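Before any comments, here is the structure.
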Amino acid sequence: MRLDKAFYARVDLVDNGYSDYRIKQLVDLKYLKKINASYYQNMHYKGHIYDYHYMPLFVYDGTLCLLSAAAYYGYIDDVKEIDVAVAQGTHFRSSYQHPPFRFHYYSGDKYALGVLTIHDDVNTFKIYNKERTVCDVIVNRKNINNKIIKSVLEGYLKDNDCNIEKLYQMAQLLHCQKTLELYLDMLL
């Protein structure tokens, strides 16, 4: 097995013939960096690693959401904290420091609404679709700067994948349809 991915689960390394002793050697030689008890980072990975790529390493069932999802879609610039949606009742150890996560707890039905799975060169992670992202920004408007809300809405409207009907359907499910209409009326 060639080490060409950005992150490796310990179990995957062991399944591919790496003993714990060999893994420790690779850490000592600075080929791998231990992230936590379960994951290692390939220190010779040539691609770009964004902060959101760390999310699945620390938050098993987390979903990239809100401003972090908006940044991923290119609607806003980079963010300081990674917004992660998790199911209500989920608990985490707070032993990690980078990147800083901000957790948003949702009930089961609301949590699962609009989840996509992204497979890229670095790893696999979950993110809310574009319509859910726009609606979440609208729902959380009291905690978000108006310039950012405008940027998210304008970014979505300019997006080649923009689907107003799908956006309204999501807004109806998240109970923010009237507020969305007000914002869209101001922009259009």
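Note that the structure is predicted; figures quoted are calculated from it, not measured. Values below: every heavy atom of this structure, side chains too, minus hydrogens, waters and symmetry copies.
Using a cutoff of 4.0 Å between basic side-chain nitrogens and carboxylate oxygens, Lys24 and Asp20 are not scored as salt-bridged.
Smallest separation of non-hydrogen atoms from Asp77 and Ala71: O-CB, 3.7 Å. Nearest heavy atom pair, residue Gly114 against residue Met170, reads CA-CE, 4.1 Å. Closest non-hydrogen pair, Lys126 versus Met55, comes out as O-CE, 3.6 Å. Here the shortest heavy-atom pairing between Arg10 and Ala37 reads CD-O, 4.1 Å. Scanning both residues, Ala69 and Thr133, for their nearest heavy atoms gives CB-OG1, 3.4 Å.
With Asn16 contributing its side chain and Asp12 its backbone, the two residues share a donor-acceptor pair below 3.5 Å. Side-chain atoms of Asn36 never come within 3.5 Å of backbone atoms of Phe58 as a donor-acceptor pair (strictly under, hydrogens ignored). Between the Tyr128 side chain and the Ala85 main chain, no donor and acceptor come within less than 3.5 Å of each other.
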Starting from the C-alpha separation in whole Å, work towards a yes-or-no answer on ring-ring contact (aromatic ring centres under 6.0 Å, His included) for Tyr8 and Tyr39.
CA-CA 6 Å; Tyr8 289 93; Tyr39 289 97; over 10 Å; no
Check step by step if side-chain contact (heavy atoms from CB on, under 4.5 Å) holds for Asn42 and Lys5.
CA-CA 7 Å; Asn42 178 359; Lys5 292 180 8 183; 5.9 Å; no
Run Met43 and Tyr45 through side-chain contact (heavy atoms from CB on, under 4.5 Å) and show every step you take.
CA-CA 6 Å; Met43 299 309 291; Tyr45 178 73; over 6 Å; no
Between Arg102 and Ile82, does a side-chain contact (heavy atoms from CB on, under 4.5 Å) hold up when you go through it step by step?
CA-CA 6 Å; Arg102 181 174 34 195; Ile82 304 302; over 6 Å; no
So His104 and Val86, side-chain contact (heavy atoms from CB on, under 4.5 Å) or not? Walk me through it.
CA-CA 6 Å; His104 304 273; Val86 293; over 6 Å; no
Please lay out, stage by stage, how Phe125 and Tyr50 fare under the test ring-ring contact (aromatic ring centres under 6.0 Å, His included).
CA-CA 12 Å; Phe125 61 95; Tyr50 295 96; 9.8 Å; no
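For the pair Ile23 and Val14, the minimum side-chain heavy-atom distance is below 4.5 Å. Annotation: side chain of Leu32 is in contact with side chain of Leu13 (closest heavy-atom distance under 4.5 Å). Between Leu113 and Leu173 the shortest side-chain heavy-atom distance falls below 4.5 Å.
Leu116 and Leu174 are assigned to two separate hydrophobic clusters, defined by single-linkage of ILVMFWY side chains at heavy-atom distances under 4.5 Å. Residues Ile149 and Leu180 are members of one and the same hydrophobic cluster, defined by side-chain heavy-atom contacts under 4.5 angstrom among Ile, Leu, Val, Met, Phe, Trp and Tyr. Both Tyr168 and Tyr183 belong to a single network of hydrophobic side chains, linked directly or stepwise wherever heavy atoms of I, L, V, M, F, W or Y lie under 4.5 Å apart. Placement of Met186 and Leu153 within a single hydrophobic cluster is found when ILVMFWY residues are connected by side-chain heavy-atom separations under 4.5 Å, directly or transitively. Hydrophobic clustering of Ile, Leu, Val, Met, Phe, Trp and Tyr side chains at less than 4.5 Å, counting indirect connections, keeps Tyr18 apart from Val11.
Leu167 contributes atom CG, which lies 5.0 Å from atom SG of Cys135 (distance to the nearest 0.5 angstrom). One distance of note links CD1 of Ile76 with CG of Leu67; it measures 4.5 Å at 0.5 Å rounding. Note: Phe101 CZ to Leu64 CG = 9.5 Å, rounded to the nearest 0.5 Å. Here Leu184 contributes atom CG and Leu157 contributes atom CG; the two are 6.0 Å apart, rounded to the nearest 0.5 Å. Here the straight-line distance linking atom SG of Cys176 with atom CG of Asn140 works out to 10.0 Å at 0.5 Å rounding. The CG atom of Asp159 sits 13.5 Å away from atom CD of Glu154, with the distance rounded to the nearest 0.5 Å.
Within 6.0 Å of NZ in Lys166 there are 12 or fewer heavy atoms belonging to other residues, nucleotides or ligands. Around the CD atom of Gln172, the shell of radius 6.0 Å holds no more than 12 heavy atoms that belong to other residues, nucleotides or ligands. Within 6.0 Å of CG in Asp28 there are more than 12 heavy atoms belonging to other residues, nucleotides or ligands. Shown here is Asp109, whose CG atom has no more than 12 heavy atoms of other residues, nucleotides or ligands within 6.0 Å.
With respect to Val84, the side chain to side chain contact (heavy atoms under 4.5 Å, CB included) criterion is satisfied by exactly one of Leu66, Thr63, Val59, Thr90: Val59.
The aromatic rings of Phe7 and Tyr54 sit perpendicular to each other, their planes meeting at more than 60°, with 30° as the lower class boundary. Classification of the Tyr73-Tyr75 ring pair by plane angle, with boundaries at 30° and 60°, yields tilted.
Not counting sequence neighbours, His44 has no partner by the side-chain hydrogen bond (donor to acceptor under 3.5 Å, both in side chains) test. With sequence neighbours left out, Lys110 forms a salt bridge (charged side-chain N to carboxylate O under 4.0 Å, His left out) with no residue at all.
Glu131 and Tyr156 form a side-chain donor-acceptor contact under 3.5 Å, judged by distance and modelled atom types alone. Asp120 and His53 form a side-chain donor-acceptor contact under 3.5 Å, judged by distance and modelled atom types alone.
For Arg22 and Tyr40, the positive end is not near the middle of the six-membered ring at less than 6.0 Å and at most 45° from its axis.
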